[in-house]
Amino acid sequence: MGILDNLNDVQRAAVEYISGPSIIIAGAGSGKTRVITYKIAHLINLGENPFNIIALTFTNKAAREMRNRVETLIGGTEARNVWLGTFHSIFARILRVEAERLGFSSNFTIYDTDDSKSLMKAILKDQQLDDKKYKISTVLNRISTAKTNLISHVEYNNNQELMHADSESGRPKTGMLYTFYQERLRKANAMDFDDLLFNTNILFRDFPDILYKYQKRFQYVLVDEYQDTNFAQYLIVKKLAAANENITVVGDDAQSIYAFRGANIQNILNLEKDYPDLKTFKLEQNYRSTQNIVNIANSIINKNKAQFKKTIWTQNEEGDKLKLNATATDNEEGNLVARQIFDIINREKSKPSSIAILYRTNAQSRALEEALRRINIPYKIFGGMSFYKRKEIKDLLAYFRLAVNSKDEEALKRVINYPKRGIGDTTLDKIKIIANEKSLSLYEIITSINQYISLPQATEQKLLNFAVMIKASSIELKTKNAYDMAMQIAKSSGILQLLYEERNDDEGIMRFENVEELLNGIKDFSESQNDEEGSTELRTLPQFMEDIALYTDADEKDKQEGDFVSLMTIHAAKGLEFPYVFIVGLEENLFPSIMALNSREDIEEERRLFYVALTRGEKQVFLSYANTRYKWGNLTVTEPSRFIQELDTNFIDDETGLFEMEKPSEKNDFALERQSWSNLPKAVDISKNLKKLTKTSENKNTNIDEYEKIQVGVEVYHQRFGKGKVQQVDGIGADKKAIVFFANVGNKNLILRYAKLDLME
DNA sequence: GTATTATCTAAGTCT
DNA sequence: TAGATAATAC
């Protein structure tokens, strides 16, 4: 009967090793998730209580997948009781229970990155510090690094080295800002992402009884993607496992791509020191990819100095060679990729969902998106502007946040005058000053405003009305279900009405629909079964807010089933696999990123990222780069990535011919749309001609000479507006402007440099 | 206090 | 380019 029969020898040994510390070094595609889920299932089958098992992941998606797999393996509902979740969500859960000990109340808000930025901005303004010198992201990075390494604001300010470094970099007041930042968070009853880990550590450090409680509960500790843990996470895990030492960690140093966020590969080495009898298992057989992909990925990762010895191999078929392509522009890269995808779907009869396009930065998605849309290939972009980052959604959520935690300052600032209720900056500034003086939250000042300051009667009344509304929506939070509560707030705040009235253009309609979608989502949430024992316990708004506070872009993946091509960053693709993978934008300064050229360590992380990208592919991988690319509105000439030179050419398709091909310009692509797709040139390889291509700069199809051809009466083509006729021109060279009449949209005033017009012939 | 317009500035990966 | 902010008029 044994489920263990589905495992190979090493996997099985790792699963069966249940008492004592172990580390599983798992190469890409070697069945890492399989081992960890089988181990949980195995423990439960052996009679261990699911309540005594904790499994930590980095993404909700990984957690959900793991839970599903365990449930399938053991059947029944027992798996529900395993503490299985992300570091952040599990410890947020624990912190809510123990909040009082740390001086928070259990309804604390979790600030996201935007909240943190906005708070820091307010602090800089208060302190009258120049936000050019004190760049918000730099200051917050500093604070985040400190928290990750468990350095409190007090310790920070007493640390000579840190203070010195801050003076040297021209930001001597960073430590002070850290202190203010923490004070403001506390006043708002809020924690940021790093606090969830930092405060858990404080909790375990200062309250041995609490630590003991959780040590006793968690007899078995399992950690996924261990190479991505930072010091704070390492220490939490170490403390939890200290009593029983039944700890299992799974990781792959070659896939460590979060060092920028404090992840430390050293944690793997530390493990050997902490547990001298640590048992190591190495999973080296890849079940995912073809030999060509595995081989080329190995050839890349071997260029890194910092790595543990391991040899990934596969018994899979040799497969197709990788294809490498270059195009003249980023838009053409998009067109080429779209064409190749079209080909795969039609010739190979593959589903769009078997294909992924991976890129280094979110900004690259645009050209790809346009190309796919043009030839009607269904796609979905992950990351970037996610649903929960939209303004209208954040606005409504801010009201919910206020209802749950009225001290939440970022939420209050966001909506106190939205919809407009005549409470402007002047009034708010006065309130802020008093709040600072009295060290109270804005809401607390507003509720008894007449105690502190005399304002015009009308203003005072507006403030009190606002406070009453918030108060009213907080009263029934625990007795009403999430949907009823959300609906009530959406109405009483006036947001629903306002968005309803603003549906006078496409964007307005979209905004209203988004809010409807949110409310529908909350309805589903309210009606869904509670996790615990299938009871129909009331599901409340605070519970919903807890759910989405740690919700990320990557999590949208499983929500939306469907058949589409996936577009995402390589970071977001970690842990996923696709039969066909396109890796685009292989250019110096883009991949590797321009920010990562300073040190060997940074470059090696980029190389690991490339390794992760390559190993997502099951059947075939396509690589490409463009010779020119629009960056912040300017056309820049680019160079092929150094990683291309590092590829072992034995595994790359060596057809050439790109240079004999006519360089298609955008207008040609437009014409191609109506052409039969089967006649299109096959994807070709240019690896032999890299140098030649690099030096060929006349590829650029947008240059000054082109502008001169734009004259009155000339017919042009615009990407968005379509065909048009030039009515008037003004200026010279790159600054030239033209008024163009388009059939669809009428006259448009265009700056040629940006409009990227093509001539019609 | 609000709406509109002009100007500036940033541009990386994310729990 | 686009989003945020400052300046301006109402």
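Sequence lines set the chain letters: A, B, ... in the order given, protein chains first and strands last, and positions in each chain run from 1. All values derive from a computational prediction rather than experimental measurement.
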>> So, OP1 or OP2 of dA2(C): does either fall under 4.0 Å of a side-chain N or O from Arg366(A)?
In response: yes
>> Can you pull out every side-chain hydrogen bond (donor to acceptor under 3.5 Å, both in side chains) where at least one residue sits in residues 258-267 of chain A? Sequence neighbours excluded, please.
In response: Thr229(A)-Asn267(A)
> If you measure from the ring centre of Tyr630(A) to the centre of the six-membered ring in the base of dT1(C), is it under 5.5 Å, with the planes under 30° apart?
Replying inline: no
> Under 4.0 angstrom, heavy atoms only, what part of the nucleic acid is Tyr258(A) near: base, sugar-phosphate, or nothing?
Replying inline: sugar-phosphate
> Counting side-chain heavy atoms from C-beta on, which of dT13(B), dG1(B), dT9(B) comes nearest to Thr426(A)?
Replying inline: dG1(B)
> Side-chain N or O of Asn362(A) less than 4.0 angstrom from OP1 or OP2 on dC14(B)?
Replying inline: yes
>> Please enumerate all residues that pass ring pair (Phe, Tyr, Trp, His ring centres under 6.0 Å) together with Tyr111(A), with sequence neighbours excluded.
In response: none
> Of the candidate nucleotides dG12(B), dT9(B), dT13(B), which contains the atom at the shortest distance from the side chain of Ser593(A)?
Replying inline: dG12(B)
> Once you round it to whole Å, what is the distance between P of dT2(B) and CG of Leu498(A)?
Replying inline: 13 Å
>> Starting the side chain at C-beta, find the nucleotide from dT15(B), dT2(B), dG12(B) nearest to Thr361(A).
In response: dG12(B)
>> Under 4.0 Å, counting only non-hydrogen atoms across every strand here, what does Lys631(A) touch: a base, just sugar-phosphate, or nothing?
In response: nothing
> Could you give the CG-to-P distance, from Asn141(A) to dC14(B), as a whole number of Å?
Replying inline: 14 Å
> Where each residue is assigned the nucleotide of DNA chain B containing its nearest heavy atom, which of Phe58(A) and Ala596(A) is assigned the position nearer the 5′ end?
Replying inline: Ala596(A)
>> Measuring from the side chain of Met595(A) (C-beta onward, heavy atoms only), which nucleotide among dG12(B), dT13(B), dA3(B) has the closest atom?
In response: dG12(B)
> Across the strands shown, which category fits Lys574(A) at heavy-atom distances under 4.0 angstrom: base, sugar-phosphate, nothing?
Replying inline: nothing
> Lys125(A) NZ to dA4(C) P: how many Å, rounded?
Replying inline: 16 Å
> What's the NZ-C1' distance between Lys133(A) and dT9(B), to the nearest Å?
Replying inline: 19 Å
>> Exactly one of Thr113(A), Asn149(A), Asp194(A) should register a side-chain hydrogen bond (donor to acceptor under 3.5 Å, both in side chains) with Ser144(A). Which one does?
In response: Asp194(A)
> Given atom CD1 of Ile257(A) and atom C1' of dT13(B), what is their separation to the nearest angstrom?
Replying inline: 8 Å
>> Measuring to OP1 and OP2 of dG1(B), would you say a side-chain N or O of Thr427(A) lies under 4.0 angstrom away?
In response: yes
> Rounded to whole angstrom units, what separation is found between the CG atom of Asp114(A) and the P atom of dC14(B)?
Replying inline: 14 Å
> For Phe91(A), what residues pass the ring pair (Phe, Tyr, Trp, His ring centres under 6.0 Å) criterion, not counting sequence neighbours?
Replying inline: none
>> Any salt bridge linking Glu370(A) with Arg373(A)? Criterion: basic side-chain nitrogen under 4.0 Å from a carboxylate oxygen.
In response: no
> On DNA chain B, nearest-nucleotide positions of Ser137(A) versus Asp425(A): which is more 5'?
Replying inline: Asp425(A)
>> Under 4.0 Å from OP1 or OP2 of dC14(B): is there any side-chain N or O of Thr569(A) that close?
In response: yes
Quick one: side chains of residues 410-422 of chain A, donor-acceptor pairs under 3.5 Å with protein atoms, not counting sequence neighbours, listed by atom name and distance.
| unit_1 | atom_1 | unit_2 | atom_2 | d |
| --- | --- | --- | --- | --- |
| Glu410(A) | OE1 | Ser118(A) | OG | 2.3 |
| Glu410(A) | OE2 | Lys413(A) | NZ | 3.4 |
| Arg414(A) | NE | Asp395(A) | OD1 | 2.8 |
| Arg414(A) | NH2 | Asp395(A) | OD1 | 3.3 |
| Asn417(A) | OD1 | Arg421(A) | N | 2.9 |
| Asn417(A) | OD1 | Gly422(A) | N | 3.2 |
| Asn417(A) | OD1 | Ile423(A) | N | 3.2 |
| Asn417(A) | ND2 | Ile423(A) | O | 3.1 |
| Arg421(A) | NH1 | Tyr399(A) | OH | 3.2 |
| Arg421(A) | NH1 | Val415(A) | O | 2.8 |
| Arg421(A) | NH1 | Ile416(A) | O | 3.0 |
| Arg421(A) | NH2 | Tyr399(A) | OH | 2.9 |
| Arg421(A) | NH2 | Ser493(A) | O | 3.3 |

> Roughly, in whole Å, what's the span from NZ in Lys117(A) to P in dA4(C)?
Replying inline: 10 Å
> Quick one: is Thr113(A) getting a side-chain N or O under 4.0 Å of the dC14(B) phosphate, OP1 or OP2?
Replying inline: no
> Does a side-chain N-to-carboxylate-O contact under 4.0 Å join Asp228(A) and Lys574(A)?
Replying inline: yes
>> Per the side-chain hydrogen bond (donor to acceptor under 3.5 Å, both in side chains) rule, what does the pair list look like for residues 453-466 of chain A, sequence neighbours excluded?
In response: Gln461(A)-Asn465(A)
>> Mind checking if Glu606(A) touches a base, just sugar-phosphate, or nothing, with heavy atoms under 4.0 Å?
In response: base
> So which of residues 408-417 of chain A are in contact with DNA chain B, with a heavy-atom cut-off of under 4.0 Å?
Replying inline: Asn417(A)
>> Taking only side-chain N and O atoms of Lys462(A), does any of them lie within less than 4.0 angstrom of OP1 or OP2 on dG1(B)?
In response: no
> Leu56(A) and Leu222(A): side-chain contact (heavy atoms from CB on, under 4.5 Å), yes or no, with the steps?
Replying inline: CA-CA 6 Å; Leu56(A) 298 165; Leu222(A) 299 99; over 6 Å; no
> What is the distance from CZ of Arg608(A) to P of dG12(B), rounded to the nearest Å?
Replying inline: 20 Å
> Within the modelled atom types, does a donor on one side and an acceptor on the other bring the side chain of Gln364(A) and the base of dG12(B) under 3.5 Å apart?
Replying inline: no
